[in-house]
2 protein chains.
Amino acid sequence: MLPAICRAVLTSRRKLANQSFKRVFETFRMSDRAPTTPDKILDLAEAMFAESGYRAVSVRSITRACGVNIAAIHYHFGSKEALLKQIFAKRSAAINNARFRLLEACRPGPERPPMLEQILEAYLRPSLVLPNGDVGARRFMRLRAILAHEHATLSKGLISKHFNHVSGTFIGALMKELDHLPARGVYWRFHFLLGAQYFTLADPGRIQILSEGACDPADADAALAELVAFTAAGFRAPPADHHALILGTVLS
Amino acid sequence: MLPAICRAVLTSRRKLANQSFKRVFETFRMSDRAPTTPDKILDLAEAMFAESGYRAVSVRSITRACGVNIAAIHYHFGSKEALLKQIFAKRSAAINNARFRLLEACRPGPERPPMLEQILEAYLRPSLVLPNGDVGARRFMRLRAILAHEHATLSKGLISKHFNHVSGTFIGALMKELDHLPARGVYWRFHFLLGAQYFTLADPGRIQILSEGACDPADADAALAELVAFTAAGFRAPPADHHALILGTVLS
DNA sequence: GTCTATAACTCGATAGAC
DNA sequence: GTCTATCGAGTTATAGAC
């Protein structure tokens, strides 16, 4: 008796929910916004992972935020990890395209900055500054930075798969400009550049505290200009002298 | 009947375990090594957090690795978070002391590197290079780096509490050497320095892949020398010109 | 003080009703 | 194809036996 009543109530509710979902769906279609359930999940999951990390965000919280059923992620993607991989596939192509386009636009010229600064800007701009006010790329790069620290084994494969090509190309371009440095030196400095970039994107709030609010990594244009200036000088420095450090003996 | 037998077996086992633990305990006491259960937990938890992150390591896995009871962490520390706080309290004092001692040893001199390089070495050496082969400080700094990205809210308070003083002192010392820079510029560059340091300590394996093994952040002396050279040049660079970037219009 | 047992959750994943 | 219900394994934390 009671089960039957419950079932009837639930069924009617489900139908109502479906109808209202269909209305929302149609609205999205009309205005060319991300409409389908998979796209909505992809977008919201990316935002939530970038905000709080991969492990801290459950599939339940994602589906709840999307207003879709708990089973939707497994139905459309197969697993939580597969969802993350899809996010990487979607975003990294766009960022890499932007980097290559900017790299092609680099050329020497009297009215232009030195080539080193141009190459660095070409590499850093797509991850730091949002084109057309799209928060997507920046958000994804923060996710990348967090994941690299939070879950090294998972991130290592993803980063290698999607970014080895573009990073290698830029390291090659940098080496051509830096013939005073051995290859090892260029790798080390590119590593420091990555660290500074990740830290800016992850934005753990340290610089705001230390500078009492004078600096904010969310100010993307300032961050880009400061980072290009800093790293360009770092790359131009003479090769490191591994015997120049003298404080090693102070601590008994 | 059976319960009584079981209980007897368990009790004898427990007594045996206690006896052998006491032997180990005495051995540790004799050789002045970390002996007590809390110290053992503190040390192993730090190692495991540094290896895999905070969230990924359960109190169960820590107690299991220590060979102590599951309840030991809550008995001795109160909670998983309190254990982490204890780790921070223990380590940060030692690192900060080392940094202050090295900073005091900095002075200009004809046979010495420039003051800027000395100050940077004083700041970076205690976190990168292990004194007396103790892996503790380095391991802890990796934990710091990971936690800052993995769990910003938890890390922010801990870092502020233990490191605001030393960071402020070093920023002040850097500003005295860098009168060509506005304060904002020094803050930005210190932020990049932190990012490069964290990335080196967290060591997500990126540089090894890109350099095909030519560089390894685990080579602490090389990392320190390269990082000092890179950041010193970065700090000496003229103030960033926020209008020097020209590729902003390439991506329509 | 040290242990077991378990409470009280949350997680990812899935089977099966609709 | 969308949903509910639930499985099984994980988690932190604690009460109470010893």
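Order of the sequence lines fixes the chain letters, A, B, ..., with proteins taken first and strands second; residue numbering starts at 1 for each chain.
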| said: Need to verify one output field. Residue with the more 5' nearest nucleotide on DNA chain D, A/R60 or A/H76? | reply: A/H76

| Think B/S58 has a side-chain N or O under 4.0 angstrom from the OP1 or OP2 of D/dT11? | yes

| query | So does B/H74 get a side-chain nitrogen or oxygen closer than 4.0 Å to the phosphate oxygens (OP1/OP2) of D/dT14? | reply | no

| request: State plainly whether the residues B/D39 and B/K90 are in salt-bridge range, i.e. N to O under 4.0 Å. | output: no

| task | If the plane angle is over 60° it's perpendicular, under 30° parallel, otherwise tilted; pick one for B/Y54 and B/F49. | result | tilted

Atom-to-atom span, [atom1] of [X] to [atom2] of [N] - whole angstrom:
{"X": "B/I70", "N": "D/dA17", "atom1": "CD1", "atom2": "P", "answer": "19 Å"}
{"X": "B/R64", "N": "C/dT4", "atom1": "CZ", "atom2": "P", "answer": "13 Å"}
{"X": "B/K80", "N": "D/dG10", "atom1": "NZ", "atom2": "C1'", "answer": "12 Å"}
{"X": "A/L84", "N": "C/dG12", "atom1": "CG", "atom2": "C1'", "answer": "15 Å"}
{"X": "B/I41", "N": "C/dG1", "atom1": "CD1", "atom2": "P", "answer": "15 Å"}
{"X": "B/F77", "N": "D/dT14", "atom1": "CZ", "atom2": "C1'", "answer": "18 Å"}
{"X": "B/Y75", "N": "C/dG1", "atom1": "OH", "atom2": "P", "answer": "6 Å"}
{"X": "A/N69", "N": "C/dA17", "atom1": "CG", "atom2": "P", "answer": "16 Å"}

| said: Given 3.5 Å as the limit, does a donor-acceptor pair link the side chain of A/R101 with the main chain of B/L251, or not? | reply: no

| said: Keeping A/S127 on the side-chain end and A/L124 on the backbone end, is there a donor-acceptor pair under 3.5 Å? | reply: yes

| task | Measure from the side chain of B/S79, starting at C-beta and using heavy atoms only, and say which of C/dC3, C/dA13, D/dA13 lies closest. | result | D/dA13

